[in-house]
Asks: 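Can you keep this structure in mind? I'll have questions shortly.
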Amino acid sequence: MRSKFVAGNWKMNGSLAANAALLEALVSGSHGLPAGAMAVLAPFPYLAQCEARLSGSGIRWGAQDLSEHASGAFTGEVAGSMLREFGCSFVLVGHSERRAMHGESSELVGRKAVAAHAVGLTPVVCVGESLAEREAGLTESVVSSQIQVFLDVAGPAVLAAAVIAYEPVWAIGTGKTASPEQAQEVHALVRRVVAAVDAGRASTIQILYGGSVKGSNAASLFAMPDVDGGLVGGASLNGSEFLDICRAAVACGPT
Ligand code: 13P
């Protein structure tokens, strides 16, 4: 059985003051939601603030990236063990903005997931096609290959601990959401690719949808049988809208 889960990716947004107000709104609005149904993924400098405010609240937190290395001369990088010291449960790997702007390959994404898993973090592995790839009919091959390379590098033990997020690049920050049917089609494909490696895990792995999820479209997306929740960008910066999205996920019940 899979329970629904929503994570808010703050991206490079926030300030101590704005986060304090947002976290306050989330904690006070989350009463009645099951513990573990929501998480926020904050910029590194704000993880201590998340830990201070969210500890004991039932809301979990995490980071948006990590180094593939455990420690050493890697200026500017942040190790998974450091994220654990600030109470992180999750870390994004392979977000499309990192793939596009920092040249991250699926191999590197796999190695980052291994590094996350080694210290007990749950890697949230992001995959998704560009608009050009969708228009060229390449969605299935692009997404399957991203997952397959990740699996080849990271292996079944890391897969067993991972969450996958399908984020069509053309839907991120554009206001153009995938239709529930488009999301379902790719989520079912992701589950089939996972099933080929680990049939048991395919029925339990959480596959989140990301790309212009809002309060107004969350319920119809989360109603799809293979959509296990959301990875929310812009709308996660607004406490009441993010809570609406989380409530929509919980209202769908487990699949
Ligand atoms: P938006 O919800 O702003 O489209 O961003 C999606 C995303 O990239 C979450 O990781």
Asks: Is there a side-chain contact between V125 and V93 (heavy atoms, below 4.5 Å)?
Replies: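 They are in side-chain contact.
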
Asks: Restricting to salt bridge (Lys or Arg N to Asp or Glu O under 4.0 Å), what partner residues turn up for R191, sequence neighbours left out?
Replies: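 Scan of R191 (salt bridge (Lys or Arg N to Asp or Glu O under 4.0 Å), adjacent residues dropped) gives D226, D228.
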
Asks: Can you see which heavy atom on P43 is nearest to which on Q64, and at what distance?
Replies: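 Heavy atoms only, the tightest pair is N-NE2, 3.5 Å.
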
Asks: Yes or no on side-chain contact (heavy atoms from CB on, under 4.5 Å) for S236 and V40, after CA distance, side-chain angles and deciding distance?
Replies: CA-CA 8 Å; S236 72; V40 297; over 6 Å; no

Asks: Mind checking salt bridge (Lys or Arg N to Asp or Glu O under 4.0 Å) for E167 and listing every partner two or more places apart, or none if nothing turns up?
Replies: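 Expected list: none.
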
Asks: When you measure from the side chain of R84 to the backbone N and O of C88, does any donor-acceptor pair fall under 3.5 Å?
Replies: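 Side chain of R84 to backbone of C88: a pair is present.
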
Asks: What is the minimum heavy-atom distance between A178 and P168, and which atoms define it?
Replies: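 Here A178 and P168 meet closest at CB-CG, 4.3 Å.
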
Asks: Looking at H69, E68, E104, which hits side chain to side chain donor-acceptor pair (under 3.5 Å) with K112?
Replies: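 So the option named by the test is E104.
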
Asks: To the nearest 0.5 angstrom, please state how far the OH atom of Y166 sits from the CG atom of L189.
Replies: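 Between atom OH of Y166 and atom CG of L189 there are 9.0 Å.
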
Asks: Tell me, which pairs form a side chain to side chain donor-acceptor pair (under 3.5 Å) where one or both residues lie in residues 208-218, sequence neighbours left out?
Replies: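 Sorted result for residues 208-218: T177-N217.
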
Asks: Any side-chain heavy atom of R99 within less than 4.5 Å of one from V127?
Replies: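 Counting from C-beta outward, R99 and V127 do come under 4.5 Å.
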
Asks: Does the pair I172 and E97 meet the rule for a side-chain contact (heavy atoms from CB on, under 4.5 Å), with working shown?
Replies: CA-CA 9 Å; I172 294 178; E97 285 151 16; 3.6 Å; yes

